[in-house]
Amino acid sequence: MIQRKQTLFLLLAFVLAVVCLSTRIGTYQAVDGAVMGNIYNLFITDGTGGRHFSTWPLMAVLLSSALLMLVTIFLYRRRPLQALLASVAALMQVVWYVLFAVIAGDGLTMTLSAALPAVCAILCFMARQAIKADEKLVRSMDRIR
């Protein structure tokens with residue numbers, strides 16, 4: 001199971017999603033460059049240290065996609081379902097960016113952590129392609145027998 005490349009892709013995507021969940025994804029700055037607050041997946045901190053939980057949809061989408069990636073790893077015996085779930089996980093990363101754009105608004109400086117869901121989506125797509133290749137190989141072996 002672990003030696004398959006799609007498993008490694010999904011495992012790496014899961015780890016990157018967890019890293020994105022636990023780090024700052026942006027900073028709100030005023031015109032003069034002063035930091036007005038930080039944005040995380042679960043909350044936004046303001047200049048006084050208060051937390052506003054208006055970004056909880058980001059956390060919900062990223063957490064559910066990370067769990068979906070982890071579950072997909074263990075479905076290696078059911079390749080068509082595994083390919084479908086990898087596609088759904090990649091689509092959830094796109095949904096995360098749509099929510100991020102809606103919630104963030106203007107004046108946000110993104111950090112490197114905000115790019116991690118895009119890398120996760122690419123890794124999920126690569127895993128899907130590898131799963132499809134495995135399925136094609138298995139079907140060709142069945143035809144030979």
Side-chain angles (χ1 to χ4, degrees), residues 1-30 33 35-46 49-145:
M1 174 182 81
I2 197 71
Q3 70 271 16
R4 295 170 63 211
K5 61 183 171 183
Q6 57 265 32
T7 302
L8 297 176
F9 291 150
L10 289 169
L11 188 61
L12 183 59
F14 171 75
V15 168
L16 291 177
V18 170
V19 167
C20 183
L21 281 169
S22 60
T23 58
R24 179 175 44 103
I25 56 176
T27 302
Y28 283 111
Q29 294 183 345
V35 174
M36 294 174 39
N38 294 316
I39 183 170
Y40 295 87
N41 278 294
L42 182 59
F43 56 87
I44 298 173
T45 59
D46 56 13
R51 294 183 177 176
H52 307 282
F53 293 93
S54 60
T55 60
W56 68 266
L58 292 174
M59 178 75 149
V61 169
L62 197 58
L63 184 62
S64 60
S65 69
L67 291 175
L68 186 63
M69 286 180 252
L70 190 62
V71 167
T72 303
I73 291 172
F74 296 105
L75 293 174
Y76 58 92
R77 293 186 189 266
R78 300 174 62 190
R79 285 175 298 280
L81 178 62
Q82 192 181 28
L84 176 70
L85 292 180
S87 298
V88 170
L91 182 66
M92 290 177 82
Q93 304 302 319
V94 173
V95 169
W96 185 87
Y97 274 110
V98 169
L99 287 172
F100 183 64
V102 169
I103 290 172
D106 294 332
L108 181 76
T109 303
M110 294 186 347
T111 62
L112 184 61
S113 298
L116 293 179
V119 175
C120 290
I122 292 169
L123 287 170
C124 286
F125 180 73
M126 290 171 58
R128 181 184 177 277
Q129 296 300 340
I131 293 165
K132 290 288 188 179
D134 274 0
E135 182 66 18
K136 186 178 175 183
L137 180 67
V138 167
R139 289 186 189 266
S140 71
M141 289 296 152
D142 286 343
R143 276 193 305 249
I144 292 174
R145 285 189 230 175

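Heavy atoms only: backbone and side chains are in, while hydrogens, waters and symmetry mates are out. Treat the numbers as computed from the prediction; the structure is a model and nothing was measured.
Interatomic distance, CG of Leu42 versus OG of Ser22, reported as 12.0 Å (0.5 Å rounding). Between atom CG of residue Leu99 and atom CE of residue Met92 there is a gap of 10.0 Å, rounded to the nearest 0.5 Å. Within the model, atoms CE of Met126 and CG of Leu8 stand 10.5 Å from one another, a figure rounded to the nearest 0.5 Å. Taken from CD in Gln6 to SG in Cys124, the straight-line distance is 12.0 Å, to the nearest 0.5 Å. Rounding to the nearest 0.5 Å gives a distance of 11.0 Å between CE of Met59 and OG of Ser64. The distance from atom CD1 of Ile122 to atom CZ of Phe9, rounded to the nearest 0.5 Å, is 11.5 Å.
In this structure Ser65 satisfies the side chain to side chain donor-acceptor pair (under 3.5 Å) test together with Gln93, sequence neighbours excluded. Remark: Arg24 engages Thr27 in a side chain to side chain donor-acceptor pair (under 3.5 Å) (not counting sequence neighbours). Under the side chain to side chain donor-acceptor pair (under 3.5 Å) criterion, Thr111 pairs with no residue at all, not counting sequence neighbours. Remark: Thr45 engages no residue in a side chain to side chain donor-acceptor pair (under 3.5 Å) (not counting sequence neighbours). A search for side-chain contact (heavy atoms from CB on, under 4.5 Å) contacts involving Val18 returns Phe14, not counting sequence neighbours.
Looking at heavy atoms from C-beta onward, Asp46 lies out of side-chain contact with Tyr28 at the 4.5 angstrom threshold. Between Ile39 and Met110, every side-chain heavy-atom pair lies at or beyond the 4.5 Å cut-off. A 4.5 Å side-chain heavy-atom check between Leu58 and Ile25 finds at least one atom pair inside the cut-off. Looking at Leu123 and Leu10, their side chains never come closer than 4.5 Å, going by heavy atoms from C-beta outward. Annotation: side chain of Tyr76 is in contact with side chain of Arg4 (closest heavy-atom distance under 4.5 Å).
Judged purely by atom type and a 3.5 angstrom limit, Gln82 uses its side chain to pair as donor or acceptor with the backbone of Thr72. Under the 3.5 Å distance criterion, the side-chain polar atoms of Asn41 are left unmatched by any main-chain donor or acceptor of Thr55.
Closest non-hydrogen pair, Leu62 versus Ala17, comes out as CD2-O, 3.9 Å. When all heavy atoms of Ser54 and Ile103 are compared, the pair lying nearest together is O-CD1, 4.0 Å. Closest heavy-atom contact between Thr23 and Ser113: OG1-OG, 2.7 Å. Looking at every heavy atom in both residues, Cys120 comes nearest to Ala13 through SG-O, 3.1 Å.
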Candidate pair Leu21 and Leu63, rule side chain to side chain contact (heavy atoms under 4.5 Å, CB included), full reasoning: CA-CA 7 Å; Leu21 281 169; Leu63 184 62; 3.9 Å; yes
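Pairs of residues two or more places apart, or lying in two chains, that qualify as ring-ring contact (aromatic ring centres under 6.0 Å, His included) and include a residue from residues 97-132 are Trp96-Phe100.
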